[in-house]
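Contents: one structure, followed by commentary.
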Number of protein chains: 2
Amino acid sequence: MPLGYDRAMTAELPSTGSGRLPLRERKKLRTRQALIDTALELFTTRGFSGVTLDELCDAVDVSKRTFFRNFAGKEDVAMAPTQDLWVAFLDELEIHEPDGRPLAEMLQQVLFAALERMTGEGWVRRVLLSRRLAGETPSMDAHGLHFCHRTSRTALATLHRRFHFAAPDDLRPQLALDLLVSAFHCALDRWTSRPGTPTRSDLAADLREAFAALPGSLTLTVDLRA
Amino acid sequence: MPLGYDRAMTAELPSTGSGRLPLRERKKLRTRQALIDTALELFTTRGFSGVTLDELCDAVDVSKRTFFRNFAGKEDVAMAPTQDLWVAFLDELEIHEPDGRPLAEMLQQVLFAALERMTGEGWVRRVLLSRRLAGETPSMDAHGLHFCHRTSRTALATLHRRFHFAAPDDLRPQLALDLLVSAFHCALDRWTSRPGTPTRSDLAADLREAFAALPGSLTLTVDLRA
DNA sequence: ACAGTTATGCCACTGAGTGGCATAAGCGCG
DNA sequence: CGCGCTTATGCCACTCAGTGGCATAACTGT
């Protein structure tokens, strides 16, 4: 039973009746959460490359071997908050009922629904720390980009499984997903650089704004500077 | 003077009168090119992780230290062909004259112009090898994604420097660039999985098709499967 | 030919990530 | 309650990517 658990979010776990899960699972989730929070804290104060995995594992009182059973790599632990959102997105996509509106709008709705699910008040803070770190850590940014890319591929498979498309090799569904991801990143960047401590509804507002800007991005015209 | 240069592309360098460059520069470019081609060959036959940098450097008869003066990392050397295209894209963007058509179309034109510049007949083969490797090597894919992302940021700065926008924080230029990149990747994926040995004009065709699909990606509607 | 610049080679080192195996913690069952 | 069964964890040794310092060799201009 590792130390450092005290501060390290016993608070977040009971989010939705975790009393159901067996003790072993709960412990696993606790270590995972402790690693995420300690990592975000250490990386934020001393920089991503200023903290070794050994130090992180020491701080959480866990062996490096255990770390790698929970995360794929050093970047992974710091990107976990955003990844949680996309996992929820995939989940929502499975159960969402279409209403005749364009696919792009449906995907936006699904993303909003996923955002609604991120209930813990700790999530907003974690995403903020995570994104600010990613802004100054190329390898983290690359890792996040790749994760989004893989997620959109998975989502594409879900779309093809659940919905009907005229042509199986139509590029438009894939492009619609990429557009969603692009707008999401634009919104996230803007949200992250807001002064003070932005809230979840701020993020929703930035998202709406980015989605609204999408159609214009194909028609916008420009002139040379005078 | 490293060995392995014989097969290793004295052919590509004189592409545009490299007689102008000083000897030292030519040698540097030769080593660089030799590293790229040998890397693509070794990675293709034995897999990305099946080849150590030491082996690669041995094959090209170069010290590991020299490798890292030419490339930022192991993934970098294998993604060089695609990166060359984007460097040309940025260059074309600097000199392109707008003609009143939408920004998105202009960017597509600029990308086509960059593609025209990839003259060496070796380029097509290299991109093909590189992309097929990226398809089965997550870390390469992540690296490529990140490079495109950074490039689009640079391009955004160029746009703001050269052209006039109503609002300085307008999201649409950024989104237009992301759309371009998404369509490019769609086209590249399709081109890469063509049977046989696809040509440069095949790639141009796939690009046109992907660009044409962009507008529809926002309006496409879907139904549940019967 | 000489002096200045710059790429290269060599060497030692840190730190990420992996595999194997013993141990202990949670779990189900009699 | 105590017993095996499953599974997470810890420990150890190892490979390999990537870095820094410093001496040397290779080009450059005069």
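A note on names: the letters A, B, ... follow the listed sequences, proteins ahead of strands, and every chain is numbered from 1. Source: prediction; values computed, not measured.
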Exercise for review: May I ask you to say whether Arg153(A) pairs ionically with Asp189(B), meaning some side-chain N is under 4.0 Å from a carboxylate O?
Suggested key: yes
Exercise for review: Examine Trp191(B) together with Phe184(B) and report whether their ring centres are nearer than 6.0 Å.
Suggested key: no
Practice item. Kindly indicate whether the side chain of Arg69(B) and the base of dT6(C) share any N or O donor-acceptor pair separated by less than 3.5 Å? Key: no
Revision key, fill the gap. Arg32(B) atom CZ is separated from dA7(C) atom P, nearest whole Å, by 14 Å
Check your understanding: For the residue pair Phe71(B) and Phe67(B), does the interplanar ring angle fall in the parallel (under 30°), tilted (30 to 60°) or perpendicular (over 60°) class?
Key -> tilted
Exercise for review: Would you mind reading off the distance between Phe71(B) atom CZ and dT19(D) atom P, rounded to a whole angstrom?
Suggested key: 15 Å
Exercise for review: Tell me which of Glu25(A) and Ala72(A) sits closer to the 5' end of DNA chain C, going by the nucleotide each one is nearest to.
Suggested key: Ala72(A)
Check your understanding: Thr31(B) side chain N/O closer than 4.0 Å to the phosphate oxygens (OP1, OP2) of dT8(C)?
Key -> yes
Check your understanding: Rounded to the nearest Å, what distance is computed from the CG atom of residue Asp61(B) to the P atom of nucleotide dT8(C)?
Key -> 13 Å
Review point. Hey, is the side chain of Ser63(A) poking within less than 4.0 Å of OP1 or OP2 on dC11(D), counting only N and O atoms?
Key: no
Practice item. Determine whether Arg190(B) and Asp169(A) make a side-chain contact, defined as any pair of heavy atoms from C-beta on separated by less than 4.5 Å. Key: yes
Nucleotide N/O of nucleotides 13-16 of chain C paired with protein N/O under 3.5 Å:
from: dA16(C); atom 1: OP1; to: Leu53(A); atom 2: N; distance (Å): 3.4
from: dA16(C); atom 1: OP1; to: Lys74(A); atom 2: NZ; distance (Å): 3.2
from: dA16(C); atom 1: OP2; to: Leu53(A); atom 2: N; distance (Å): 3.3

**Study point:** Spacing of Asp76(A) atom CG relative to dT18(C) atom C1', expressed in whole Å
**Key:** 16 Å
Review point. Is any side-chain N or O of Lys27(A) closer than 4.0 Å to OP1 or OP2 of dA8(D)?
Key: no
Check your understanding: What is the distance, rounded to the nearest whole Å, between atom NZ of Lys28(B) and atom C1' of dT8(C)?
Key -> 9 Å
Check your understanding: Can you tell me how far C1' of dA25(C) sits from CZ of Arg26(A), to the nearest Å?
Key -> 14 Å
Check your understanding: If we only count heavy atoms from C-beta on, is the Met79(B) to Met140(B) side-chain gap below 4.5 Å?
Key -> yes
Review point. Rounded to whole angstrom units, what separation is found between the CG atom of Asn70(B) and the P atom of dG9(C)?
Key: 10 Å
**Study point:** Electrostatic pair Asp91(A)-Arg117(A), nearest N-O below 4.0 angstrom
**Key:** yes
Review point. Angle, rounded to 10°, between the helical axes spanning five pairs at each terminus of the helix from dA1(C)-dT30(D) to dG30(C)-dC1(D)?
Key: 30°
Check your understanding: Less than 4.0 Å between a side-chain N and a carboxylate O, is that true for Arg194(A) and Asp206(A)?
Key -> yes
Exercise for review: Grab the CZ-C1' distance between Phe67(B) and dA7(C) for me, whole Å please.
Suggested key: 17 Å
Review point. Would you say the base of dG17(C) and the side-chain of Arg65(A) have a donor-acceptor pair closer than 3.5 Å?
Key: no
Check your understanding: Do the charged groups of Glu25(A) and Arg30(A) touch, with an N to O distance under 4.0 Å?
Key -> no
Exercise for review: Look at Glu41(A) together with Arg126(A) and state whether they make a salt bridge at an N to O cut-off of under 4.0 Å.
Suggested key: no
